[in-house]
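Structure, as structure tokens:
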There are 2 protein chains.
Amino acid sequence: MGRSGEARDRETAGRGTAQDGGELELQQYFPYRLARLAEQVSLAVAEVYSERFALTRQEWRVLAILGVRPEIATKEIGPLTTLDKMQVSRAVQGLESRGIASRKHHAGDRRELIVALTPAGRALYRKIVPFALAREAELLGVLTAEEAKVLDRVMHKLSAALS
Amino acid sequence: MGRSGEARDRETAGRGTAQDGGELELQQYFPYRLARLAEQVSLAVAEVYSERFALTRQEWRVLAILGVRPEIATKEIGPLTTLDKMQVSRAVQGLESRGIASRKHHAGDRRELIVALTPAGRALYRKIVPFALAREAELLGVLTAEEAKVLDRVMHKLSAALS
DNA sequence: CGAAATTGGTATCAGATGTTACTATTTTCT
DNA sequence: AGAAAATAGTAACATCTGATACCAATTTCG
């Protein structure tokens, strides 16, 4: 199961994160701690797009994609945002209903829908992004450069181990 | 906002995690990556308690607490599990309805409910915990001891910065 | 070609979740 | 003491989310 090549002794993942005998201390349990942290972070970021701009988490993700890819087939959005097709459908509808995005059928294949930001949507995007980036910077700012580097690597490793 | 004392240069949290100009690349955006990872981990762990033992995430958390604190007022459960009082109420009801936990009114204050595991509940707990711990060990096993240590510290730092 | 299978997207319904308001009990304060 | 406020827990409703089935357009293949 995806062992990394590095040299590791017996104690390995032990100190500070893993558990001992047959007891499970929820507060120390890594999956719980991670879920909790992610929720905190998610909430902090949601202040930006939800409270200030009334977007759902899914809409925000789609918007983030549209900001970079000015025109995209909705079927491509799912993989990029980790949303299933129903969530994408709803998010895009939500954006459209508020004049943020527009949909049109693909000429070649009329099943597909192509989404793009409206001018208003683009303006919204440009307004939100700085706040979102600021939040991220604020957060990562509490870490040293070294810690940030390790964190990045660790997240990649864990993610890879799970796929 | 909670600057750590370490010496850090301009690049700081940059390399590998943070963003540049006014563009936001969702795939690289830390809050998104974290949410995604947490979801993956959560799913992997849910296999243990959900698929194998038909518990919801909330019930699992309450069970984990009850395994350590054999008798506890439900009002204490919320803070320990990061669930709101309604979630606790439902989770405990769920556990009770399946003979895993039992409730009784506190003698001194008859508003409070005291929850405890039934013998069947305790047996279930003992059956699940090893699997849950194994999952955790498997995951953390892909990290070096050093990485695990940094990860632990980083999670504490981030969590603290957000509270 | 044309029936069958596939694909993109959505309607629809069921179950989960969040919110508000309410009951019961206890505490506080005059 | 006893009215008012606070606390623990839940009912009830509204909303969100997930799963299934479905429609329309396209592709595959006999």
Side-chain angles (χ1 to χ4, degrees), chain A residues 35-36 38-40 42-43 46-47 49-51 53-62 65-66 69 71-98 101-116, chain B residues 35-36 38-40 42-43 45-47 49-51 53-63 65-66 69 71-98 101-116:
Chain A
R36 183 161 165 44
E39 216 172 301
Q40 282 184 90
S42 180
L43 218 67
E47 273 176 36
Y49 59 74
S50 164
E51 292 177 23
F53 300 100
L55 296 171
T56 68
R57 178 197 182 89
Q58 293 88 322
E59 288 167 350
W60 155 243
R61 286 191 186 174
V62 171
I65 292 297
L66 289 176
R69 301 259 328 248
E71 213 175 75
I72 187 173
T74 62
K75 67 166 182 169
E76 294 181 69
I77 296 177
L80 291 173
T81 55
T82 334
L83 300 172
D84 67 31
K85 64 177 184 171
M86 194 66 238
Q87 291 178 305
V88 171
S89 174
R90 282 168 174 154
V92 172
Q93 278 180 57
L95 293 178
E96 187 183 43
S97 77
R98 279 184 284 153
S102 65
R103 293 184 294 179
K104 64 181 183 206
H105 282 282
H106 180 78
D109 186 337
R110 293 175 25 72
R111 288 170 304 184
E112 290 186 18
L113 288 175
I114 307 297
V115 196
Chain B
R36 187 164 160 43
E39 216 171 301
Q40 281 184 90
S42 179
L43 219 67
V45 175
E47 273 177 35
Y49 59 75
S50 164
E51 292 177 22
F53 300 99
L55 296 171
T56 68
R57 178 197 182 90
Q58 293 88 322
E59 288 167 350
W60 154 243
R61 285 191 186 174
V62 171
L63 177 61
I65 292 297
L66 289 176
R69 301 259 328 247
E71 213 175 75
I72 187 173
T74 62
K75 68 166 181 169
E76 294 181 69
I77 296 176
L80 292 174
T81 54
T82 335
L83 300 173
D84 69 31
K85 63 178 184 171
M86 194 67 239
Q87 291 178 306
V88 171
S89 173
R90 282 167 174 154
V92 172
Q93 279 180 57
L95 293 178
E96 187 182 43
S97 77
R98 280 185 284 152
S102 64
R103 292 184 294 179
K104 65 180 183 208
H105 281 282
H106 180 77
D109 185 337
R110 291 171 29 71
R111 289 170 303 185
E112 291 186 18
L113 288 175
I114 307 297
V115 196

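Each chain gets a letter, A, B and so on, in the order its sequence line appears, and its residues count up from 1.
- Running 5' to 3' along DNA chain C, contacts with non-hydrogen atoms of chain A at under 4.0 Å begin and end at C:dT6 to C:dT12.
- From B:Thr56, atom OG1 reaches atom CG of B:Leu63 across 10.5 Å, with rounding to the nearest 0.5 Å.
- Interface limits on DNA chain D: the 5'-most and 3'-most nucleotides within less than 4.0 Å of chain A heavy atoms are D:dT17 to D:dT26.
- Residues passing the side chain to side chain contact (heavy atoms under 4.5 Å, CB included) test with B:Lys104 are B:Glu71, B:Ile114, sequence neighbours excluded.
- Here the shortest heavy-atom pairing between A:Arg57 and A:Ser42 reads NH1-OG, 2.7 Å.
- Contact detail for A:Val115 and A:Ala101: the closest heavy-atom pair is CG1-CB, 3.9 Å.
- For the helix from C:dC1-D:dG30 to C:dT30-D:dA1, the axis fitted to the five pairs at one end and the axis fitted to the five pairs at the other end meet at an angle of 10° (nearest 10 degrees).
- The salt bridge (charged side-chain N to carboxylate O under 4.0 Å, His left out) test applied to A:Arg103 returns A:Glu96, not counting sequence neighbours.
- Counting heavy atoms from C-beta on, the side chains of A:Thr74 and A:Val62 never come closer than 4.5 Å.
- Considering every non-hydrogen atom in both B:Arg110 and B:His105, the closest pair reads O-ND1, 2.9 Å.
- Every residue meeting the side chain to side chain contact (heavy atoms under 4.5 Å, CB included) condition with A:Arg36, not counting sequence neighbours, appears here in chain and number order: A:Tyr32, A:Gln40, B:Thr82.
- Annotation: side chain to side chain contact (heavy atoms under 4.5 Å, CB included) contacts of A:Gln87 (sequence neighbours excluded): A:Gln58, A:Leu83, A:Asp84.
- Looking at residues 102-115 of chain A, you'll see A:Gly108, A:Asp109, A:Arg110, A:Arg111 sit with a heavy atom under 4.0 Å from some atom of DNA chain D.
- B:Glu76 meets the side chain to side chain contact (heavy atoms under 4.5 Å, CB included) test with B:Arg69, B:Ile72, B:Ala73; sequence neighbours excluded.
- Less than 4.0 Å separates DNA chain D from at least one heavy atom of each of the following residues of residues 72-89 of chain B: B:Thr74, B:Lys75, B:Lys85, B:Met86, B:Ser89.
- Remark: A:Asp109 engages A:Arg111 in a salt bridge (charged side-chain N to carboxylate O under 4.0 Å, His left out) (not counting sequence neighbours).
- Between B:Gln93 and B:Ser89, the side chains place a donor N or O and an acceptor N or O closer than 3.5 Å (distance only, hydrogens not considered).
- Applying the salt bridge (charged side-chain N to carboxylate O under 4.0 Å, His left out) rule to B:Glu51 yields no partners; only residues at least two apart in sequence or on another chain are considered.
- Across B:Ala35 and A:Arg61, no two heavy atoms sit closer than the pair CB-NH2, 3.9 Å.
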